[in-house]
Amino acid sequence: MYAVIKTGGKQYRVAAGEKLKIEQIPADIGQDITLDQVLAVGEGDQLKVGAPLLSGAVVTAKVLAHGRHDKVRIFKMRRRKHYQKRQGHRQNYTEIQISAINA
């Protein structure tokens with residue numbers, strides 16, 4: 001069984017037991033969270049699709065860790081104008097493990 005969830009402005013296809021890194025959410029390590037924005041649930045060749053969300057469908061997950069992704073380097077330059085700008089960014093994330101999918 002799998003589900004398509006929406007969190008942090010992104011959509012993820014998840015199944016029970018999977019680990020994944022999502023946008024940072026305010027939750028403690030070890031805490032169980034519920035993700036109620038479920039767009040679709042599928043099992044085998046059957047698929048239930050919401051319009052836009054499935055009512056009553058919930059995905060439960062456990063928070064494993066918080067961290068930061070690798071640095072993304074931004075370099076801007078205008079040729080012949082003596083303009084160079086260097087910048088870096090590290091995005092925060094929350095690592096979760098999917099416990100169950102209730103449709």
Side-chain angles (χ1 to χ4, degrees):
M1 180 179 243
Y2 66 91
V4 178
I5 60 170
K6 179 177 150 184
T7 179
K10 298 177 180 69
Q11 297 176 6
Y12 301 95
R13 182 185 188 270
V14 297
E18 274 187 358
K19 291 181 184 177
L20 98 135
K21 293 178 180 177
I22 61 174
E23 295 292 320
Q24 188 176 31
I25 54 175
D28 295 328
I29 295 175
Q31 182 179 349
D32 289 329
I33 58 171
T34 59
L35 303 168
D36 55 352
Q37 290 190 338
V38 180
L39 302 172
V41 173
E43 186 170 11
D45 59 349
Q46 297 178 347
L47 180 67
K48 292 183 200 172
V49 179
L53 300 176
L54 276 175
S55 60
V58 172
V59 174
T60 58
K62 183 176 183 176
V63 176
L64 298 178
H66 296 289
R68 300 182 79 180
H69 286 289
D70 293 335
K71 182 173 278 193
V72 177
R73 299 195 184 276
I74 298 107
F75 180 71
K76 296 180 180 180
M77 186 179 88
R78 300 282 183 260
R79 63 183 187 156
R80 300 185 306 268
K81 305 298 180 193
H82 202 274
Y83 171 80
Q84 290 183 353
K85 182 179 180 183
R86 291 178 182 84
Q87 189 176 359
H89 176 75
R90 291 183 70 187
Q91 185 70 26
N92 296 326
Y93 68 83
T94 299
E95 187 174 3
I96 61 172
Q97 183 168 17
I98 306 299
S99 306
I101 298 171
N102 301 321

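Heads up: numbering here begins at 1 and tracks the sequence. All heavy atoms count here, side chains included; hydrogens, waters and symmetry mates do not.
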Shared ILVMFWY cluster between [X] and [Y], side chains joined below 4.5 angstrom?
X     : Y     : value
Val4  : Leu54 : no
Val49 : Val58 : no
Val63 : Leu35 : yes

Next on the checklist: Taking side-chain contact (heavy atoms from CB on, under 4.5 Å) as the criterion, tell me which of Lys85, Arg80, Arg79 meets it with Tyr83.
Outcome noted: Lys85

So which heavy atom on [X] is nearest to which on [Y], and how close?
X     : Y     : result
Ala40 : Leu47 : CB-CD1, 4.2 Å
Arg90 : Arg68 : O-NH2, 3.3 Å
Lys21 : Tyr12 : O-OH, 3.9 Å
Arg13 : Tyr2  : NH2-CD2, 3.3 Å
Ile22 : Thr7  : CG2-CG2, 4.1 Å
Ala57 : Val38 : O-CG2, 3.6 Å

Checklist entry - Can you tell me how far CD of Gln84 sits from NZ of Lys76, rounded to the nearest 0.5 angstrom? => result 13.5 Å

Checklist outcome for this item: In this structure, CG of Leu39 is separated from CG of Leu53 (nearest 0.5 Å) by 6.0 Å

Checklist entry - Are more than 12 heavy atoms from other residues, nucleotides or ligands located less than 6.0 Å from atom CD of Gln31? => result yes

Item to check | Chi angles and distances behind the side chain to side chain contact (heavy atoms under 4.5 Å, CB included) call for Asp32, Thr60 | outcome: CA-CA 7 Å; Asp32 289 329; Thr60 58; over 6 Å; no

Next on the checklist: Under the criterion side-chain hydrogen bond (donor to acceptor under 3.5 Å, both in side chains), I'd like the reasoning laid out for Glu23 against Gln91: C-alpha separation, chi angles, the key distance, then a yes or no.
Outcome noted: CA-CA 8 Å; Glu23 295 292 320; Gln91 185 70 26; 2.9 Å; yes

Return a table of donor-acceptor pairs under 3.5 angstrom between the side chains of residues 93-103 and protein atoms on other chains or two or more places apart.
from: Thr94; atom 1: OG1; to: Ile25; atom 2: N; distance (Å): 3.1
from: Thr94; atom 1: OG1; to: His66; atom 2: ND1; distance (Å): 3.1

